A.B. asks: 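Okay, here's the structure, questions in a sec.
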Amino acid sequence: MREIKEELVQRLATLYPGDAASLCELSFEGPFQLAVATILSAQCTDRIVNSVTEALFGLFPDAKSLAGADLGRVETLIRPTGFYRNKAQNIVSFSRELVERYDGEVPDTIDRLVELSGVGRKTANVIVTVGFSKPGIAVDTHVIRLSGRLGLTEFTDPERIEMDLLGWLAPLDAAAFGLRLILHGRRVCSARKPKCEACPLGDICPSFSTL
DNA sequence: ATCCCGAGGG
DNA sequence: CCCTCTGGAT
């Protein structure tokens, strides 16, 4: 089993080369914009997130400016991402909390990040790994689905899966591995109709053609 | 467990 | 029409 996992890590790295920062498809400049883009990415494609953040960050590029933004204005700007009332409230509150507690700077630890509005464990892990190049793995819907299909875990609880994966991945490889699972999940191993015929991992996947 | 909620694919 | 998209808060 260990060989299978190592083989999987190697093949994914070849299929989707690059480091965590380059594998993340969100458009942003700096940890603050990454954090906001990630909050907006909940239940939404990154393409739509990028289409709204261009205007959003043009008007409110940092925590201090977004902290003073009109809520209705923000709602209108991010509406296409869905859950727009919650998300608008969250990113404005998030910005105000950063200004009040950290002088507008984004903290770089999971514990501090999850205390902030709209930031759960998954989002915190994205900020820490992609924004600050620290060890960790963001377990989202894709990572959950592919981890199950590939036989990497028996669990469905995100935090449990996170611990399972961190248990055998090299710390500094974990983030990129997670992002590669996401890319593969989007392009090949989709939730609805996975393209097993065209999957380069078919020969080592326990779920090959059983989906 | 439930709500938030728009957009795109099949 | 139904399902899914880089979830989080209650």
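Note on naming: letters A, B, ... go to the chains in the order of the sequence lines (proteins, then strands), and numbering restarts at 1 for each one. The structure displayed is predicted, hence computed values, not measured ones. Only this structure's heavy atoms are used, side chains among them; waters, hydrogens and symmetry mates stay out.
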A.B. asks: Would you find a donor on one side and an acceptor on the other, under 3.5 Å apart, between the side chain of A:E97 and the backbone of A:S117?
C.D. replies: yes
A.B. asks: So, using salt bridge (Lys or Arg N to Asp or Glu O under 4.0 Å) as the criterion, who are the partners of A:E25 when residues are at least two apart?
C.D. replies: A:R186, A:R187
A.B. asks: Determine, step by step, whether A:D19 and A:S22 satisfy the side chain to side chain donor-acceptor pair (under 3.5 Å) criterion, reporting the C-alpha distance in whole Å, the side-chain angles of both residues, the deciding distance to 0.1 Å, and the verdict.
C.D. replies: CA-CA 5 Å; A:D19 59 7; A:S22 66; 2.9 Å; yes
A.B. asks: Tell me which residues in residues 26-47 of chain A put a heavy atom below 4.0 Å from DNA chain B, sorted by number, or none.
C.D. replies: A:Q43, A:R47
A.B. asks: In chain order, what residues pass the salt bridge (Lys or Arg N to Asp or Glu O under 4.0 Å) check against A:R85, with sequence neighbours excluded?
C.D. replies: none
A.B. asks: Look up atom CG in A:L179 and atom OH in A:Y16, then write down how far apart they are to the nearest 0.5 Å.
C.D. replies: 12.5 Å
A.B. asks: Mind checking whether A:F32 and A:F94 have parallel, tilted or perpendicular rings, split at 30° and 60°?
C.D. replies: parallel
A.B. asks: Short question: side chain of A:K87, backbone of A:T81 - any donor-acceptor pair under 3.5 Å?
C.D. replies: yes
A.B. asks: Across the strands shown, which category fits A:I137 at heavy-atom distances under 4.0 angstrom: base, sugar-phosphate, nothing?
C.D. replies: nothing
A.B. asks: Side chain of A:K134, backbone of A:D108: donor and acceptor closer than 3.5 Å?
C.D. replies: yes
A.B. asks: Rounded to whole angstroms, how far apart are NZ on A:K122 and C1' on C:dA9?
C.D. replies: 16 Å
A.B. asks: Write down the distance between CG (A:L116) and C1' (C:dA9), rounded to a whole number of angstrom.
C.D. replies: 14 Å
A.B. asks: Run the salt bridge (Lys or Arg N to Asp or Glu O under 4.0 Å) check on A:R11 and A:E7 step by step: do they pass?
C.D. replies: CA-CA 6 Å; A:R11 285 206 215 176; A:E7 175 72 14; 2.8 Å; yes
A.B. asks: Take A:G118 and A:C24, find for each the nucleotide of DNA chain C with the closest heavy atom, and name the residue whose nucleotide sits nearer the 5' end.
C.D. replies: A:C24
A.B. asks: What integer number of Å spans the P atoms of B:dA1 and C:dT6?
C.D. replies: 24 Å
A.B. asks: Whole angstroms only, please: what is the CD1-C1' distance between A:I127 and C:dG8?
C.D. replies: 13 Å
A.B. asks: Name the pairs: protein N/O against N/O of nucleotides 1-4 of chain C, kept only if under 3.5 Å.
C.D. replies:
{"residue": "C:dC3", "atom": "O4'", "partner": "A:R192", "partner atom": "NH2", "Å": "3.3"}
{"residue": "C:dC3", "atom": "O2", "partner": "A:R192", "partner atom": "NH2", "Å": "3.1"}

A.B. asks: With a 4.5 Å heavy-atom cut-off, do A:F132 and A:P31 have their side chains touching?
C.D. replies: yes
A.B. asks: Minimum heavy-atom separation for A:A67 to A:V99, with atom names?
C.D. replies: CB-CG2, 4.1 Å
A.B. asks: If I take atom CD in residue A:E25 and atom C1' in nucleotide C:dC5, what distance separates them, rounded to the nearest angstrom?
C.D. replies: 14 Å
A.B. asks: Taking all heavy atoms of A:I161 and all of A:S147, pick out the closest pair and write down the distance.
C.D. replies: CG2-OG, 4.1 Å
A.B. asks: Return the value, rounded to whole Å, for the distance between atom NZ of A:K87 and atom P of C:dC5.
C.D. replies: 14 Å
A.B. asks: In whole angstrom, give the distance that lies between atom CD of A:E115 and atom P of C:dG8.
C.D. replies: 15 Å
A.B. asks: Can you pull the contact range of chain A along DNA chain B, 5' to 3', using atoms under 4.0 angstrom from its heavy atoms?
C.D. replies: B:dC4 to B:dG9
A.B. asks: For A:F155 and A:T153, work out which heavy atoms get closest and say how close.
C.D. replies: N-OG1, 3.1 Å
A.B. asks: Any donor-acceptor pair under 3.5 Å linking the side chain of A:N50 with the backbone of A:S27?
C.D. replies: yes
A.B. asks: May I ask you to say what A:V49 touches in the nucleic acid, namely base, sugar-phosphate or nothing, with a heavy-atom cut-off under 4.0 Å?
C.D. replies: nothing
A.B. asks: Can you list, in residue-number order, the parts of residues 64-85 of chain A that come under 4.0 Å of DNA chain B, counting heavy atoms only?
C.D. replies: A:R79, A:P80, A:G82, A:F83, A:Y84, A:R85
